[in-house]
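Whatever order the structure lists ligands and atoms in, that order sets their numbers, starting from 1. The first residue in the sequence is number 1, and the count goes up from there.
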Amino acid sequence: MRVPRADPKAAYEQLRAAHLNAVRASLEDHVTRLEWPRQRIERYRTERLRSLLAFARERSPFHAARMGDIDPATATVNDLARLPVMVKREARDEWDRIVTTPDIDGAGAERVLAQQGWFSYTSTRLQVFSSGGSSGVRGVYVWDWAQFVTLACLAWRWQTRAERVSGSDGRPARLAVLEAGEPPHASTPLFDIATGPSMQTVVIPAAAPFDQVLRAVADARPTHLVGYASVIGRLARAAIAGELAIRPVRVSTNSEPLSEEDRDAINTAWGAPVHNLWGSTEIGVQAVGCGHGDGLHICEDEVILERVDAAGRAVAPDEPAARTLATGLSGLTFPFIRYDLGDEVTLLPGRCACGSSMQRVAGVVGRHDDDFRYGDRMVPASAFRHVLGTDPLISEYQVRQTEGGADVLVVGSPDVPAVASALASSVRQYGFVNPDISVSVVEQIPRHASTGKLMRFIALSG
Ligand SMILES: [Zn+2]
């Protein structure tokens, strides 16, 4: 007989432990997939796609209505182009027609979010998450048991493979996890994962004031780091400045674009391999760096990416794309098929030095959502990033769009007039003749209340 538990957190931890055992068991299979030849990846992916399409057509009225004359039994990756693009607003407004189980609906998912004091599983082992809504549309997502196992393997298999190659996988290890640290964001369950029995983890909320984060990381004496790219980058700069004495042997970054400056700082501080991850709450994990070659390997066995132009047409591998559409093959409970991620990615040619034949994308520099529009002129986030991200005296920044330019908050001790004038001339290159740019030094930049992410760019709404 099951003993009733008064403490929901303890009940969660028991199921969570069972879930992590399943993750470690599946990692064995996932690590071997990284050596699969192209043909095997493609064969596997086609069968998974057929399975997803057939299941979605049977159980999701939303997807069934969009599938037209496609026969899931014989469909191929190329047939996806015959389906309409799925956008974020649909994922919110059509929730009850998308979900494939009667166990939960949109109102039920909201109830879980409103009532849970901590992360939780529903009675049918679903986990409900919410994204921060940085693009203006808040999303509510549900991950089933098997899907979480797969996503966790995608997030961690490259690191596990590299540790096995280096022979360090059996050594005692401590992983510091710098993520949201609390519900409803999925980052903590996904990244607070000990990949082997000799690893311990410690969660440090990334949104805490930086001096607290710094102290907590120093106290944890981690051998491994995982966290938001901007936080890990800032820790690296603190290490370079002599304010943090840790020696991580492996670093994993996620949730925010990893800037060149942050990558350089991590290299200088620790010289450790970096596994950068590109993911989303919708799909889970799209691509992960192997710690060896450039770019990030697409999770081709579990995710199908389509690079398309502004009109939604496929572009050639060497042509620039406007959008990336993703189909998550493990997401049976709430299928995302040809989902518009809003990110633009470039394919890297050739095979990676690590030996895997999983295709690679170059680093994801950011979302177009970060670009600022002034009337009919568009100023990309990079116009600001190139100035602010390369100033060694700036440790963190936030750019808030205004009618006539931008208010910029910086942490650090930069030459403020010089930064303001460099920003103005950078912005002028985009046809913005008289930008009004103010730069202020602040103690701290508030992070997003629920996700803990640093929003570097805040566009005027509307
Ligand atoms: Zn590689």
J.: Please say whether more than 12 non-hydrogen atoms of neighbouring residues, nucleotides or ligands are located less than 6.0 Å from CZ in Arg247.
T.: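 Counting neighbours around CZ of Arg247, 12 or fewer heavy atoms of other residues, nucleotides or ligands fall under 6.0 Å, so no.
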J.: Enumerate donor-acceptor pairs with a distance under 3.5 Å from any side-chain N or O in residues 196-217 to protein atoms, sequence neighbours excluded.
T.:
{"from": "Ser198", "atom 1": "OG", "to": "Gly170", "atom 2": "O", "distance (Å)": "3.2"}
{"from": "Ser198", "atom 1": "OG", "to": "Arg171", "atom 2": "O", "distance (Å)": "3.2"}
{"from": "Thr201", "atom 1": "OG1", "to": "Asp192", "atom 2": "OD1", "distance (Å)": "2.6"}

J.: Which residues and atoms, protein N, O or S only, are under 2.8 Å from the Zn ion (ligand 1)?
T.: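 Protein N/O/S atoms under 2.8 Å of the Zn ion (ligand 1): Cys290 SG, His297 NE2, Cys352 SG, Cys354 SG.
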J.: Do Asn254 and Val288 make a side-chain contact, defined as non-hydrogen atoms from C-beta onward lying under 4.5 Å apart?
T.: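 Answer no - side chains too far apart.
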J.: Please confirm whether Tyr397 and Phe384 have ring centers closer than 6.0 angstrom.
T.: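 No: the rings miss the under 6.0 Å criterion.
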J.: Between Trp145 and His19, what is the ring plane arrangement, given parallel below 30°, perpendicular above 60°, and tilted in between?
T.: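 Answer is parallel, since the angle falls under 30°.
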J.: With a 4.5 Å heavy-atom cut-off, do Ser356 and Trp158 have their side chains touching?
T.: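 When only atoms from C-beta onward are counted, Trp158 and Ser356 do touch, with a gap below 4.5 Å.
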